[in-house]
Amino acid sequence: MHRNMAASTKEFLQSTIASLNEAECVQVIEFIQNLQHKESQVFAQLGRDPVFTIPANSVSFRPVQPILGVGASASEQLIEDRR
């Protein structure tokens with residue numbers, strides 16, 4: 001996600017949360033907890049599946065910095081095109 005896009009998304013989320021009533025906040029918290037629980041279940045299931053075992057001689061990957069391009073990102077262009 002583009003850096004400016006992330007900041008505006010976070011601001012939007014904060015302002016939306018600020019406008020929720022107590023019951024809506026409870027629903028949002030329950031939704032988040034449900035997502036986290038489902039994610040942990042999936043990871044536990046994959047951990048038991050031998051297909052997803054990481055070989056002992058696996059290659060380690062180092063983090064890389066994304067390439068900074070000029071102009072709008074492809075995802076931003078796609079979103080704008082869909083509007």
Going by the rule side chain to side chain contact (heavy atoms under 4.5 Å, CB included), which residues pair with [X] if we only count those two or more places apart in sequence or in a different chain?
X: Asp49; answer: Val51, Phe52
X: Asp81; answer: none
X: Val26; answer: Glu30

- Message: Tell me if the CD atom of Gln14 is crowded by more than 12 foreign heavy atoms within 6.0 Å.
- Response: yes
- Query: Shortest non-hydrogen contact from Thr16 to Ser19?
  - Reply: O-OG, 2.8 Å
- Task: State yes or no: do Ile32 and Leu20 share one hydrophobic cluster built from I, L, V, M, F, W and Y residues joined by side-chain heavy-atom distances below 4.5 Å, directly or via other members?
- Result: yes
- Query: So, the side chain of Glu80 versus the backbone of Gln77: is there a donor-acceptor pair under 3.5 Å, distance only?
  - Reply: no
- Item | Nearest-0.5 Å distance, CD1 of residue Ile17 to CD of residue Glu24 | 11.5 Å
